[in-house]
Amino acid sequence: MANNLSTGEHDDQRRSGRLFVVSAPSGAGKTTLCQAARRHLPDLVYSVSSTTRAPRHGEQEGRDYFFVTEARFREGIDAGQWAEWARVHDNYYGTSARFIEDHLAAGRDVLMDIDVQGAAQILRRYPDAVTIFIMAPSMEILRRRITARGLDSGAVIDKRMKNAETEIACRGMYRHVIVNDDLDAAVTRFVSLLKGGNA
Ligand code: 5GP
C-alpha cells in the first residue's frame with residue numbers, strides 16, 4: 001500500500017502552526033512590538049483572550065478581548081475551556097483552548113500576549129511553545145516610561161513597578177529574552193523569532 005509520508009505536498013498540508021507566547025511588565029514596549037509584528041507578519045494569528053475587566057476607550061469586543069462577566073469566566077474554568085487562565089491586576093484573563101488549537105491544527109502560527117502565570121501553564125500544556133520575555137533595560141527606565149505615559153497615579157505606578165519585579169524574576173522560564181533598549185533592534189529580533197529564527 002502506498003504511503004504518502006515522503007511527499008512534501010502532503011507534509012506541508014499536515015504542518016501544524018507554531019505557538020508563540022510573549023510576556024512583559026507594563027511599560028516594557030510589548031504592545032508596540034506586537035503591533036509591529038502584526039504589520040510584518042499579516043498571517044500570524046493574534047490570540048484574543050477573554051477578560052472580566054471593563055473595555056478601555058477604543059477597545060473592541062472580539063478584536064482586543066472578549067469581555068465577559070465573572071460568572072461566565074468561572075463557567076469556563078469549570079468546563080475546562082481555558083488553555084490557561086490567571087487573575088491579573090484584580091481581573092480574570094484566559095485563553096480559549098479551542099481558539100488556539102483550531103488555528104494551530106489549520107497550520108496557522110498563533111501569538112499569545114499573556115502574563116507569566118499563563119505562560120507557565122502554556123508551557124506545561126504545550127511544551128513546544130516558543131516563549132519570549134520583553135523587558136526594559138533597567139527598572140529606572142521602566143519607571144520613567146510608565147510615568148511618561150501619564151496614565152497612572154503614583155500609587156498605581158508603584159504597584160506596576162512591584163509587579164514588574166515579580167515578573168522579571170520569572171524571565172528564566174522563557175526561551176528568549178529581548179531587552180528593549182533600541183526599539184528598531186527589538187522589533188527586528190522579535191519579528192525574526194516569530195519567523196522561526198533564533199536571533
Ligand atoms: P491589560 O488589561 O492591560 O490588557 O492586560 C493586563 C495583563 O494581562 C497583561 O500582562 C497581559 O499580558 C495579561 N493578559 C492578557 N490576556 C491574558 C490571558 O488570556 N491570560 C493571561 N494569563 N494573561 C493575560
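Remember, it's 1-based here, ligands and their atoms both numbered in the order they're listed.
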Within ligand 1, which atoms have a heavy atom of [X] less than 4.0 Å away?
| X | answer |
| --- | --- |
| Arg53 | 1 (P), 2 (O), 4 (O) |
| Ala86 | 22 (N) |
| Lys30 | 9 (C), 10 (O), 11 (C), 12 (O) |
| Gly94 | 18 (C), 19 (O) |
| Arg56 | 1 (P), 2 (O), 3 (O), 4 (O) |
| Gly118 | 22 (N) |

Ligand 1 N/O within reach of [X] N/O, cut-off under 3.5 Å:
| X | answer |
| --- | --- |
| Thr95 | yes |
| Ser50 | no |
| Glu167 | no |
| Glu59 | no |

Considering heavy atoms of the protein only, find what lies nearest to [atom] and give residue, atom and distance to 0.1 Å.
| atom | value |
| --- | --- |
| atom 2 (O) of ligand 1 | Tyr93 OH, 2.4 Å |
| atom 16 (N) of ligand 1 | Ser49 OG, 3.1 Å |
| atom 20 (N) of ligand 1 | Glu84 OE2, 2.8 Å |
| atom 12 (O) of ligand 1 | Asp113 OD1, 2.8 Å |

Item to complete: Please answer whether the main-chain N or O of Gln35 pairs with a side-chain N or O of Arg38 as donor and acceptor at a distance below 3.5 Å.
Response: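 Side chain of Arg38 to backbone of Gln35: no pair is present.
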
Worksheet item: Hey, is the main chain of Tyr92 close enough, under 3.5 Å, to the side chain of Thr52 for a donor-acceptor pair?
Response: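 Yes.
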
Practice prompt. State plainly whether the residues Asp128 and Arg175 are in salt-bridge range, i.e. N to O under 4.0 Å.
Written response: no

Practice prompt. Using side chain to side chain contact (heavy atoms under 4.5 Å, CB included) as the criterion, point out the one residue from Asn180, Asp184, Ile178 that pairs with Arg189.
Written response: Ile178

Fill in: From Leu33, Leu193, Leu111, residue fulfilling side chain to side chain contact (heavy atoms under 4.5 Å, CB included) relative to Val22
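When side chain to side chain contact (heavy atoms under 4.5 Å, CB included) is applied between Val22 and each of Leu33, Leu193, Leu111, only Leu111 qualifies.
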
Worksheet item: Is there a heavy atom of Tyr65 sitting under 4.0 angstrom from any atom of ligand 1?
Response: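 Heavy atoms of Tyr65 do come under 4.0 Å of ligand 1.
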
Worksheet item: Hey, what's the ring geometry for Phe73 with Trp85, parallel, tilted or perpendicular (30° and 60° as the breaks)?
Response: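 It falls in the perpendicular class, over 60°.
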
Worksheet item: Using 30° and 60° as the class limits, which term best fits the ring planes of Phe66 and Phe99: parallel, tilted or perpendicular?
Response: perpendicular

Worksheet, complete the sentence: Closest to atom 22 (N) of ligand 1 (heavy atoms only, candidates Asp115, Ile114, Asn163) is Asp115

Worksheet item: Just heavy atoms, cut-off under 4.0 Å: does Val88 contact ligand 1 by side chain, backbone, both, or neither?
Response: side chain

Worksheet item: Does any donor atom in the side chain of Tyr93 or Gln117 lie under 3.5 Å from an acceptor atom in the other side chain?
Response: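 Judged by distance alone, the side chains do not pair up.
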
Practice prompt. Assess whether side-chain hydrogen bond (donor to acceptor under 3.5 Å, both in side chains) is satisfied between Glu84 and Tyr126, documenting all intermediate values.
Written response: CA-CA 11 Å; Glu84 62 73 37; Tyr126 311 97; over 6 Å; no

Worksheet item: OG1/Thr147 to CZ/Arg145 distance, rounded to the nearest 0.5 angstrom?
Response: 12.0 Å

Worksheet item: Between CG of Leu183 and CZ of Phe190, what distance do you get to the nearest 0.5 Å?
Response: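 Atom-to-atom, Leu183:CG and Phe190:CZ are 11.5 Å apart.
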
